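Notes for the one structure printed next.
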Amino acid sequence: MDRQPEVAQPRPAPSLRAEGVTAGYGGVPVIRDVSIAVGPAEIVAVIGPNGAGKSTLLKSLVGILRVTSGRVVLGDGDDVTNRPPEELARRGVGYVPQVNDIFEPLTVLENLEMGGYLLPAARIKERVDEVGKVFPALPPMLKRRADKLSGGERKMLAIARVLMLDPKVLILDEPTANLSPKLADSLLHEHVKRLAGVGKAVLLVEQRARAALEIAAWTSVLVSGTTRLEGRPQDLLRRPDFEELFLGAGPARTAREESDEKENEKS
Ligand SMILES: Nc1ncnc2c1ncn2[C@@H]1O[C@H](COP(=O)(O)OP(=O)(O)OP(=O)(O)O)[C@@H](O)[C@H]1O
Ligand SMILES: [Mg+2]
């Protein structure tokens, strides 16, 4: 029994799990019967082509989009299916959306303060200091307007804003979109990994599938609204067809990368 070569670490008990979730827009399901779980100090990545339903899945987990069947559960059995987003935030689920992730006309400090809206005033100030230690680039720019930030600074602020409530679970929708490959790498390898390192359960949607596989303990491949494949990255990568099917530069991926590059040229 104790001679098992290459035994992977067991996955932690989930902090958040979705069981057979179906959700969509205007009564039409976009994701069907999707299950996923993430536990403390674990990074779980969801990858898949444009339009696969990755953002839809995240929105259904955090109460922005109605779950029509299935459940969303916190910890060891706290059913939060279709609870409002504020309640999820109060219960320790932080969500950084793919777009509209900060308030542009406000300063960095004001954005952080708004992120702490559920806290007593004195606590907000303390949290700004604590979050500043997680992202040391932020404290020197507290007075700057958020719309003046670079792409990388902006994403840091978006994550920092959500960290204000010290969430147990952090849900990130494509945090590296519009970042240069170098910045994307440092965001994932330094910041996202560090957040898992301090015990956060991190559920990450990423277009940069390879980079996601490098940092994730578990990966789910979403295609056309259903889970096509899931497993540990090293196991997925061992499959002979995986590269070709899911890491190849399909048309959608190429278009996205091109637009990312254009975006980077601007900044
Ligand atoms: N608000 C909406 N109303 C109606 N349909 C929507 C809405 N948002 C997304 N959809 C549709 O749902 C499907 C899944 O979209 P979703 O944004 O979840 O994909 P995604 O995997 O996050 O894609 P991307 O990688 O481009 O971000 C798409 O067909 C999209 O057109
Ligand atoms: Mg999306």
Side-chain angles (χ1 to χ4, degrees), residues 16 18-36 38 43-70 72 81-82 84-85 88 93-102 151 154-155 158-159 162 169-181 183-184 187-188 192 202-216 218-230 233 236 242 245-264:
L16 175 140
E19 296 172 351
V21 163
T22 295
Y25 307 91
V28 183
V30 166
I31 54 163
R32 285 175 306 278
D33 198 22
V34 175
S35 296
I36 197 155
V38 61
I43 299 176
V44 170
V46 179
I47 61 173
N50 292 123
K54 304 179 299 295
S55 297
T56 301
L57 170 64
L58 298 192
K59 287 185 239 171
S60 73
L61 298 181
V62 297
I64 292 174
L65 194 62
R66 201 175 155 69
V67 172
T68 51
S69 69
V72 181
T81 317
N82 291 326
L88 272 293
V93 179
Y95 166 61
V96 181
Q98 184 168 354
V99 290
N100 299 329
D101 51 358
I102 54 173
R154 187 191 164 103
K155 215 19 121 173
I159 298 173
V162 163
V169 181
L170 203 54
I171 298 185
L172 308 175
D173 196 348
E174 291 205 35
T176 69
N178 301 330
L179 298 188
S180 67
L183 266 180
L187 186 79
L188 294 176
V192 174
V202 181
L203 179 59
L204 170 77
V205 160
E206 250 311 321
Q207 273 282 326
R208 297 172 199 272
R210 264 171 224 284
L213 289 163
E214 282 167 16
I215 62 164
W218 191 265
T219 299
S220 207
V221 184
L222 202 64
V223 179
S224 303
T226 59
T227 305
R228 180 68 63 85
L229 200 62
E230 63 176 322
L236 296 183
F242 185 75
L245 286 178
F246 303 112
L247 299 180
R253 189 180 153 77
T254 306
R256 163 60 72 96
E257 282 173 351
E258 272 170 18
S259 90
D260 279 8
E261 274 152 27
K262 282 206 195 89
E263 199 60 38
N264 294 327

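Please read all numbers here as calculations on a predicted model, not as lab measurements. For the single chain, residues carry numbers from 1 onward in sequence order. Both ligands and their constituent atoms are indexed starting at 1 by order of listing.
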Presence of N, O or S from Thr56 under 2.8 Å of the Mg ion (ligand 2): no

Gly53 N/O under 3.5 Å from ligand 1 N/O: yes

Student check: side-chain heavy atoms of Trp218 and Val38 closer than 4.5 Å: no

Atoms in ligand 1 with a heavy atom of Glu174 nearer than 4.0 Å: 24 (P), 25 (O), 27 (O)

Closest candidate by heavy atom, reference atom 28 (C) of ligand 1, pool Gly26, Gly51, Pro29: Gly51

Option set Ile31, Val28, Thr56, criterion heavy-atom distance to atom 18 (O) of ligand 1, minimum: Thr56

Point-to-point distance, once rounded to the nearest 0.5 Å, from OG1 of Thr227 to CG of Leu222: 5.5 Å

Contact atoms of ligand 1, heavy-atom distance to Pro49 under 4.0 Å: 21 (O)

Asn50 backbone or side-chain N/O/S under 2.8 Å from the Mg ion (ligand 2): no

Which of the ligand 1 atoms, numbered from 1, are nearer than 4.0 Å to a heavy atom of Val30: 12 (O), 13 (C), 14 (C)

Gln98 N/O under 3.5 Å from ligand 1 N/O: yes

Close approach of Gly24 to ligand 1, heavy atoms, under 4.0 angstrom: no

Vertex the Mg ion (ligand 2), rays to OG in Ser55 and OE1 in Gln98 - rounded to 10°: 80°

pair Pro175-Glu206: side-chain heavy atoms closer than 4.5 Å: yes

Single hit among Leu172, Leu170, Leu61, Asp173 for side-chain contact (heavy atoms from CB on, under 4.5 Å) with Leu203: Leu61

Pairwise distance NZ(Lys59) to CD1(Ile64) - rounded to 0.5 angstrom: 7.5 Å

Distance filter under 4.0 Å to Ser55 heavy atoms, resulting ligand 1 atoms: 17 (O), 18 (O), 20 (P), 22 (O), 27 (O)

pair Lys155-Thr176: side-chain heavy atoms closer than 4.5 Å: no

Heavy-atom closest pair, residues Ala212 and Ile47: CB-CG2, 4.0 Å

Per-atom contacts of ligand 1 with Gln207, taking only distances under 4.0 Å to non-hydrogen atoms: 25 (O)

Option among Ile102, Val162, Leu58 that satisfies the side-chain contact (heavy atoms from CB on, under 4.5 Å) test with Val96: Val162

Atom pair CG (Leu213) and CZ (Phe242), whose distance is rounded to the nearest 0.5 Å: 5.0 Å

